[in-house]
Amino acid sequence: MTLYYSLVFLLLVAESAAFVVLILPFPHAWRRGVLRWVSRSTLVAKSQVALKFAFIFVLILFLDATNRTYSVQHDKNEPLDARTEAAHHAKKFYNQRNMYLTGFTLFLSLTYVLVVELLASEDNLEALKRQATNHSKEYVRATDAETQLKSEIEKLNKELDEEKKKTLDFETLKKQASNQGDEYNRLADRYNALEKPLQSGDDDKKSV
């Protein structure tokens, strides 16, 4: 195996390990912490560029291995002896091995990206659910506060109406007392006016 196919094999092993870590049923908090680290890490952000170049390189190797495999399988030249036939089968085996190696590496690369995006979407969905729950709780609290405020306003309005009734009753009693006082004064003046002639007649009789 040449050096670049050895590197592709190491990349396949690393992708397989990362894929197994992602699909294992780890706790949600741990998985969310890993995703947060992957999304915010500067090291991962810098390695993304290298991984993109590696992906392109593996894609080129996959196309080359596929072309070589196709060429070997459709070779019309019949082998002349056992050595040539063994070399032909060995070449076919190596080309097929390289094709499967690079193909699985590309497949795991795409699957890894999709799984990471899926887990990130699940994390965002959980965050949105928590926000919706918090908003609903806040809405319920606001509704309760509004109901309490309305009840307090109704209570204050009732107390204000009662105070207004008491004020009106007091004003009515005050007016009635004033009217009765005026009536009393009027009757007293009339009584005094009637008493004066009687007193003057009595004085005249006494003088005679």
Side-chain angles (χ1 to χ4, degrees), residues 1-140:
M1 185 182 294
T2 56
L3 177 60
Y4 44 86
Y5 282 113
S6 299
L7 295 176
V8 172
F9 177 73
L10 292 177
L11 180 61
L12 177 62
V13 171
E15 288 179 350
S16 301
F19 186 76
V20 169
V21 170
L22 288 177
I23 63 175
L24 285 178
F26 288 110
H28 182 71
W30 183 86
R31 183 180 296 177
R32 184 171 54 189
V34 172
L35 288 175
R36 188 180 294 110
W37 178 80
V38 170
S39 61
R40 297 180 181 178
S41 176
T42 56
L43 179 63
V44 176
K46 292 179 180 179
S47 64
Q48 291 293 328
V49 180
L51 289 176
K52 289 179 181 179
F53 282 108
F55 181 81
I56 295 173
F57 178 70
V58 173
L59 178 61
I60 293 172
L61 290 178
F62 174 72
L63 295 176
D64 180 68
T66 304
N67 186 30
R68 289 177 182 273
T69 302
Y70 181 81
S71 298
V72 170
Q73 288 180 350
H74 293 80
D75 192 4
K76 295 182 180 180
N77 296 323
E78 295 292 334
L80 300 177
D81 52 11
R83 180 180 298 178
T84 306
E85 185 177 0
H88 177 79
H89 287 293
K91 185 178 180 182
K92 180 179 180 182
F93 168 76
Y94 289 136
N95 289 329
Q96 289 178 347
R97 181 203 62 186
N98 295 334
M99 182 183 68
Y100 291 132
L101 177 63
T102 53
F104 278 116
T105 304
L106 292 175
F107 174 75
L108 281 182
S109 298
L110 295 175
T111 308
Y112 173 78
V113 172
L114 293 176
V115 169
V116 170
E117 290 182 355
L118 177 62
L119 294 177
S121 300
E122 289 180 354
D123 187 55
N124 293 330
L125 181 60
E126 290 293 331
L128 291 175
K129 286 182 178 179
R130 288 193 299 271
Q131 290 179 0
T133 304
N134 294 331
H135 287 319
S136 61
K137 290 180 179 179
E138 291 178 358
Y139 176 76
V140 171

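Note that the numbering runs from 1 along the sequence shown for the chain.
Between the CG atom in L11 and the OG atom in S6 there is a gap of 12.5 Å [rounded to 0.5 Å]. One distance of note links OG of S71 with NZ of K91; it measures 8.0 Å at 0.5 Å rounding. F104 contributes atom CZ, which lies 13.0 Å from atom OG of S109 (distance to the nearest 0.5 angstrom). Note that OG1 of T102 and CZ of R97 are 10.5 Å apart. Values are rounded to the nearest 0.5 Å. Separating the CD1 atom in I56 from the CG atom in L106 is a distance of 11.0 Å, to the nearest 0.5 Å.
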With a cut-off of 3.5 Å and sequence neighbours excluded, list every side-chain donor-acceptor pair involving residues 59-69.
{"unit_1": "D64", "atom_1": "OD2", "unit_2": "R68", "atom_2": "NE", "d": "2.9"}
{"unit_1": "T66", "atom_1": "OG1", "unit_2": "F62", "atom_2": "O", "d": "2.7"}
{"unit_1": "T69", "atom_1": "OG1", "unit_2": "A65", "atom_2": "O", "d": "2.8"}
{"unit_1": "T69", "atom_1": "OG1", "unit_2": "N95", "atom_2": "O", "d": "3.2"}

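Partners of F107 by side chain to side chain contact (heavy atoms under 4.5 Å, CB included), not counting sequence neighbours, listed by chain and number: T111.
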Stepwise side-chain contact (heavy atoms from CB on, under 4.5 Å) check, F55 with L110: CA-CA 10 Å; F55 181 81; L110 295 175; 4.1 Å; yes
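When each of T105, L7, V58 is tested with L12 by the rule side chain to side chain contact (heavy atoms under 4.5 Å, CB included), just one qualifies, namely T105.
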